[in-house]
2 protein chains.
Amino acid sequence: MVPLADPTYSRVREKLREDIVSGYFSGGTRLKIAELVNRYGVSQMPIREALQQLQGEGLIVIEPNKGAHVRQIDQSFLENMYDIRQLIEVYLTVRSLRNFQPRDIKELETLHSKYVKAANKSDFNQCLTLNKQFHSVIYKLADNPEGQQILEKHWQLINTLRLTFGYSTERIQKVILEHQDIITAIKDNDPIALEMAAKNHCINAKMDLILKL
Amino acid sequence: MVPLADPTYSRVREKLREDIVSGYFSGGTRLKIAELVNRYGVSQMPIREALQQLQGEGLIVIEPNKGAHVRQIDQSFLENMYDIRQLIEVYLTVRSLRNFQPRDIKELETLHSKYVKAANKSDFNQCLTLNKQFHSVIYKLADNPEGQQILEKHWQLINTLRLTFGYSTERIQKVILEHQDIITAIKDNDPIALEMAAKNHCINAKMDLILKL
DNA sequence: AGCTTATTAATTGTATACAATATCATATAT
DNA sequence: ATATATGATATTGTATACAATTAATAAGCT
């Protein structure tokens, strides 16, 4: 069975997330359903579901019987998110170490070399995808779906931010080095080095993104 | 304006969370909308919104165009959740220290003494409420709404688990001591002691809850 | 028999109409 | 004049009907 078109509420969720990140709906804006019905050309119901999902991502706040408001996506917001993200990402990465098998390391290296190739072609979108796959391999081995789910939600936002504000060549080159450090620490089975590498990777990502705002 | 009745989707969300925690809908169960319509006596729409919200809490997984499945709420699930929770809770608690004012400490002590009174009356529900208020004072001062939101979501589940499986007198007595340790560390402005106290508090809560399953 | 392809049934998703609630403006009383 | 109550309007929430998709079943082919 081939993958079919996403349901309307998924498409609306993606569109609305873009509209929030791009600033079309800026922080504090009241999102009226009728307005969104007009903008996206669909009925209320898929919009209401998309709003619930975006509330789950922390992008909006819904007050029952009142309405939905857009969260402020500013430096403070990203700092807070990345501080939490760092805690979880470092924890999961270190945790994954015990479950790494040779074939997992191989997979990581394959994805890494693909990343380098995509970087050389300046294919930023491909880099984004490969970056996610790279970390997904690690997260899976951490064997903590609850933590992973939080990181996945963050990633939805980060991905949209990157697509909106771009990905500098310098940052991509640094990512290559940082991923290399992570791979080395895993091969060395060195949890301390891995913790440092994961932490460093997260901090740099945060700084780079905040500077783009 | 007085607080009015919750919307239907909120009530359904609460009911369904209870039904999942109690095991009426056990892990892996497919949740069909028609079935839920019958069980809760409301139409599809509020049920669909409740499902989205519970997916946000991590209690169910929705596959677009396929359906919703109940997550397994077992020891592994709670361990994973509490491991993540511990990271965030400890971080936020230590972080709050810099913002604590005398009146905040006073508020904490007031809530604590109320907790002791409720404990002496064996009013467990009141203990649950006061416990949440106690920690909310701290979370607010940590000034990281993103982290706080994750803890709040966890709390929805923990609260339901406690209401379902109960709260032992022994645990309540230990909570009193653990909260006392936290207050002392805050008064001493001692981040190391506070980190220890928060960590300890979280670990004990996890162990106690897991033993109730 | 085993596999593919139609056909039917079950289930999820969407649109629309209507009900409940909240918001805003206006009038009224003190 | 300020505050309070009253009514009109806008907005959110719910129910129902229908469309789209998936899953299950049966038919046909090699």
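Chain identifiers are assigned alphabetically (A, B, ...) following the order of the sequence lines, protein sequences preceding nucleic acid strands; residue numbering begins at 1 within each chain.
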Calculate the interatomic distance between B:K32 atom NZ and D:dA24 atom C1'; express it in whole Å. 12 Å

With no hydrogens and no angle check, just 3.5 Å: does a side-chain donor-acceptor pair link B:E195 and B:Y91? no

Would you kindly say whether B:Y9 and A:R48 are connected by a side-chain donor-acceptor distance under 3.5 Å? no

Protein proximity profile, nucleotides 13-19 of chain D - base contact B, sugar-phosphate-only contact S, no contact -, cut-off 4.0 Å on heavy atoms: BBBBB--

Side-chain H-bond candidate by donor/acceptor type, A:N204 with A:E178, under 3.5 Å: yes

Taking it one step at a time, do A:Y115 and A:N120 satisfy side chain to side chain donor-acceptor pair (under 3.5 Å)? CA-CA 9 Å; A:Y115 190 99; A:N120 288 337; over 6 Å; no

Inter-end axis angle, the helix from C:dA1-D:dT30 to C:dT30-D:dA1, with every axis fitted to five base pairs (rounded, 10 degrees): 10°

Going by an N to O cut-off under 4.0 Å, is there a salt bridge joining B:E14 and B:R17? yes

Assess whether a salt bridge exists between A:E109 and A:K114, defined as any Lys/Arg side-chain N lying under 4.0 Å from an Asp/Glu carboxylate O. no

Are a donor atom and an acceptor atom from the side chains of A:Q75 and A:E79 found within less than 3.5 Å of each other? yes

Extract all donor-acceptor atom pairs below 3.5 Å that involve side chains of residues 205-213 of chain B and protein atoms in other chains or at least two apart in sequence.
residue	atom	partner	partner atom	Å
B:K206	NZ	B:D83	OD1	2.8
B:D208	OD2	B:R162	NH1	2.8
B:D208	OD2	B:R162	NH2	3.0

So what does B:L31 touch, heavy atoms closer than 4.0 Å: a base, only the sugar-phosphate, or nothing? sugar-phosphate

Expressed in angstrom and rounded to an integer, what is the separation of B:R30 atom CZ from C:dT11 atom P? 7 Å

